[in-house]
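The shown structure was predicted, so the numbers you read here are calculated from the model rather than taken from an experiment. Side-chain atoms are counted along with the backbone in the values below, which use heavy atoms only and exclude waters and symmetry mates.
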Amino acid sequence: MKNREIANLFEEIADILELRGENRFRINAYRRSAQAVSGISRDIEEMAAEGSIESIPGIGKDLREKIEEYLRSGEISLLERLKNETPPILLDMLRIPGIGPKTALLIHAELGVGSLEDLKRMALEHRLQELPKIKEKTEKNIIRGIEFLESFKGRTPIGIALPLAEDIIESLEGCEEVSRLEYAGSLRRHCETVGDIDILAASSSPEDTIKYFAGLSLVESVIVSGPTKCSVFTSDGIQVDLRVVEEKSYGAALNYFTGSKAHNIRLREIAIERNLKLNEYGVFEKKDGGSGKRIAGATEDEVYSALGLPYIPPEIREDTGEIEAALKGGLPELVSRSDIRGDLHTHSDWSDGNASLDDLASAGKRAGLKYILVSDHSMSLRIAHGLTAKRLISQIAEIDRINEKIRGFRLLKGSEVDILPDGSLDLEDGVLKKLDVVIAAVHSSFKMKRDRMTERIISAMKNPFVSVLAHPTGRLLGTREPYDVDMDAVIAAAAETETALEINSHPLRLDLDPVHARKAAAAGVLLSLGTDSHDPSLELDHLRYGIGTARRGWLCKEHILNSRTAAALKKLIERKRKRNP
DNA sequence: GCCGTTTTCGGCCCGACTGTTTTCAGTCG
């Protein structure tokens, strides 16, 4: 599907037009169409073939022609022209949080910076303060913004890396010589971003396998290629390493390349204690200096077992207590997809989603879920067409009608109610009590001082009708830092008020992160998995990123709110409501 | 650039925050 590519190009056009001070409605038209194109579940190429592109809201004759031009020639001439006329540093600067077109143009015109490194250096030398309307604070924010971008530089979010790795594996399965195949590295540990993608293969002919890999259509260029290892860049600029090993070493290699480094070091220490040697080829008996007999290596199970350990799931291989737990036989039974009965955070076309309630229900049923919470935004979030109390009540009636028609599945009535800056909620208790599950979230005034933000969030959790705090820290990976909030206090308040904390499963949020999720569970707080889906046909599947995060946080089925049946879930929610009438 | 029970031109979302200013421009969602 080229939907995403086209959306990115339209965004780029909008950015450049903005820098050129074009008509803001024209700019907005490009942004809206970018959203529309990436938001639809249908393949844009298919729609082009049947001539129905203009049925997408926000796309008229002109944009249709640009889409067709791209599908035909691989580029949009308008964008090529605009790019020729625009210094790339201007676009780079727009990615810095807090810098918009005006500031970017000003800095570029007055100081002539050529790169972000340049800009950072000048900011550190306080050169930016020579400019009008820029003082110490703005300068500091710019430095902070650049450092924020740097921390993600060269890293790929799991939401892109995982599907790509799966595609590569599917392609490599076409290579006859390959007998075993998996992705390893930080991706297998379900880290939220990865530096590169590691693929491990067992093959009877490493050379042929490497040749096959280097010839895949998604390979843009080969970085290095040897007899057992090949590194390439894909057309998106992501590095993929393939390593080919013998079958008898496959488990040891998988273990080695999965990491983490800290985990591997601990394993090697355990091997030494047992007078064994562990490396990427296997577990060996130690014979006075020389390498002895191989006693394990073909599977990871075998490797762990040779070290006297049970199999340790990749998501917790971080040396944060898993070795000790394994030695004591106390490893957690981590939550898995089959434990999850419902999705507790979705949007429909009543607010900013693209699916009707009917679509949402059928997509949920197809995904094997028992229930889905419809949690459209509340009215203060105008940008997302938040629902007024009146519209929410009509939605409730509509959900009741739909539920009467379907079997074996339920739409739950809900709201993602806004937590206003003073900590009050955007809907009255009288409305909230009509809902099955209320999730509350901050969507405005992100830059509040720590104490006030913490107080604001805790005050919302105290409301008896708020069952879940959604995306508790508000971070957007690579785009927005978390709010300045005292998470320890929030976790304590969640335990005290019986409010669940969400693990928002959108791959660019993954909020809570594993560290906080683990802390919360230890404090007796339930975690709620929600996809925050705005397009159920594509995004209900994001549940897997949330599950990966939950597993990284050592969570088991019983820690997860939506591993419950709908009836058990309602009982838990009633308990909080009754406790604070 | 899109769109139309306000219909082919004239609107289009706009409130809130931040940091810089003494009244507002720029940015964000």
Side-chain angles (χ1 to χ4, degrees), chain A residues 6-7 9-37 53-69 76 78-79 82 90 93-109 123 128-145 148 347 351-352 377-388 416 418-422 426 441-449 452-453 456 470-471 474-476 479-484 506 508-509 532 534:
Chain A
I6 290 170
L9 297 175
F10 281 178
E11 282 288 353
E12 210 175 340
I13 293 177
D15 283 343
I16 300 180
L17 292 178
E18 204 164 11
L19 285 166
R20 294 163 67 109
E22 280 270 352
N23 177 321
R24 66 194 172 97
F25 299 110
R26 184 177 174 216
I27 295 165
N28 217 342
Y30 277 100
R31 296 216 191 278
R32 277 180 23 132
S33 63
Q35 266 203 326
V37 170
I53 289 185
E54 278 191 55
S55 70
I56 303 169
I59 296 194
K61 173 169 172 284
D62 202 275
L63 292 182
R64 185 204 78 220
E65 284 174 357
K66 292 195 168 64
I67 292 172
E68 287 169 348
E69 183 192 357
I76 298 174
L78 169 70
L79 176 60
L82 290 173
L90 286 173
M93 278 198 269
L94 287 186
R95 288 179 15 247
I96 301 171
I99 291 195
K102 296 284 158 52
T103 315
L105 285 168
L106 174 74
I107 293 174
H108 183 253
L128 301 192
Q129 294 191 42
E130 295 166 11
L131 302 175
K133 295 201 177 167
I134 293 183
K135 288 268 171 306
E136 194 184 347
K137 214 149 185 183
T138 306
E139 198 174 57
K140 269 193 180 147
N141 281 340
I142 289 174
I143 295 171
R144 201 185 151 106
F148 178 69
H347 296 275
S351 67
D352 59 347
H377 292 287
S378 60
M379 59 189 165
S380 81
L381 209 60
R382 278 168 240 279
I383 189 172
H385 309 110
L387 271 56
T388 58
E416 181 180 10
D418 231 34
I419 303 175
L420 303 174
D422 67 356
D426 198 23
V442 168
H443 291 108
S444 62
S445 308
F446 299 121
K447 297 235 160 128
M448 243 174 207
K449 287 265 180 318
R452 276 187 65 208
M453 184 59 101
R456 171 185 183 186
H471 43 76
R475 73 168 178 178
L476 291 175
T479 319
R480 190 170 75 206
E481 291 191 278
Y483 334 124
D484 192 6
H506 193 287
L508 291 180
R509 284 192 185 268
D532 209 345
H534 289 71

Taking C-beta and beyond as the side chain, do M448(A) and D484(A) meet within less than 4.5 Å on heavy atoms? no

Starting at [atom1] of [X] and ending at [atom2] of [N], how long is that distance when rounded to a whole Å?
X	N	atom1	atom2	result
D418(A)	dC17(B)	CG	P	12 Å
D352(A)	dC13(B)	CG	C1'	14 Å
F25(A)	dG4(B)	CZ	P	17 Å
M379(A)	dC14(B)	CE	P	17 Å
R32(A)	dC2(B)	CZ	P	10 Å
R26(A)	dC3(B)	CZ	C1'	17 Å
R64(A)	dC3(B)	CZ	C1'	16 Å
K61(A)	dC2(B)	NZ	C1'	13 Å

If the [atom1] atom of [N] is compared with that of [M], how far apart are they to the nearest Å?
N	M	atom1	value
dC13(B)	dG29(B)	C1'	11 Å
dT20(B)	dT27(B)	P	13 Å
dT6(B)	dG1(B)	P	27 Å
dT22(B)	dC12(B)	P	31 Å
dC17(B)	dG11(B)	P	29 Å
dG15(B)	dG10(B)	P	24 Å

Measure from the side chain of S445(A), starting at C-beta and using heavy atoms only, and say which of dC17(B), dC13(B), dC12(B) lies closest. dC17(B)

Using a 4.0 Å heavy-atom cut-off to protein, can you give one letter per nucleotide of nucleotides 20-29 of chain B, 5' to 3': B if the base is in contact, S if only the sugar-phosphate is, - if neither? SS---SSSSB

Within the 4.0 Å heavy-atom criterion, would you say [X] contacts the bases, only the backbone, or no part of the nucleic acid?
X	result
N23(A)	base
K66(A)	sugar-phosphate
I59(A)	sugar-phosphate

Backbone N/O of [Y] and side chain of [X]: donor-acceptor pair under 3.5 Å:
X	Y	value
D418(A)	L420(A)	no
S33(A)	A29(A)	yes
D426(A)	S380(A)	yes

Are D532(A) and R509(A) close enough for a salt bridge, meaning some N to O gap below 4.0 Å? yes

Is E18(A) salt-bridged to R31(A), going by a charged N under 4.0 Å from an acidic O? yes

May I ask you to verify if any side-chain N or O of N141(A) is less than 4.0 angstrom from the OP1 or OP2 atom of dG19(B)? yes

Which residue lies more 5' along DNA chain B, comparing R24(A) with I56(A) via nearest heavy atoms: I56(A)

In a table with atom names and distances, give each donor-acceptor pair under 3.5 Å that connects a side chain of residues 129-137 of chain A to protein atoms at least two apart or in another chain.
| unit_1 | atom_1 | unit_2 | atom_2 | d |
| --- | --- | --- | --- | --- |
| Q129(A) | NE2 | E139(A) | OE1 | 2.8 |
| E130(A) | OE2 | R127(A) | NE | 3.0 |
| E136(A) | OE2 | K140(A) | NZ | 3.4 |

If pairing requires Watson-Crick or G-U wobble contacts with both distances under 3.5 Å, which nucleotide is the partner of dC3(B)? dG10(B)

Could you give me the CA-CA distance, side-chain angles and deciding distance for H534(A) and H506(A), then say whether ring-ring contact (aromatic ring centres under 6.0 Å, His included) is met? CA-CA 10 Å; H534(A) 289 71; H506(A) 193 287; 8.0 Å; no

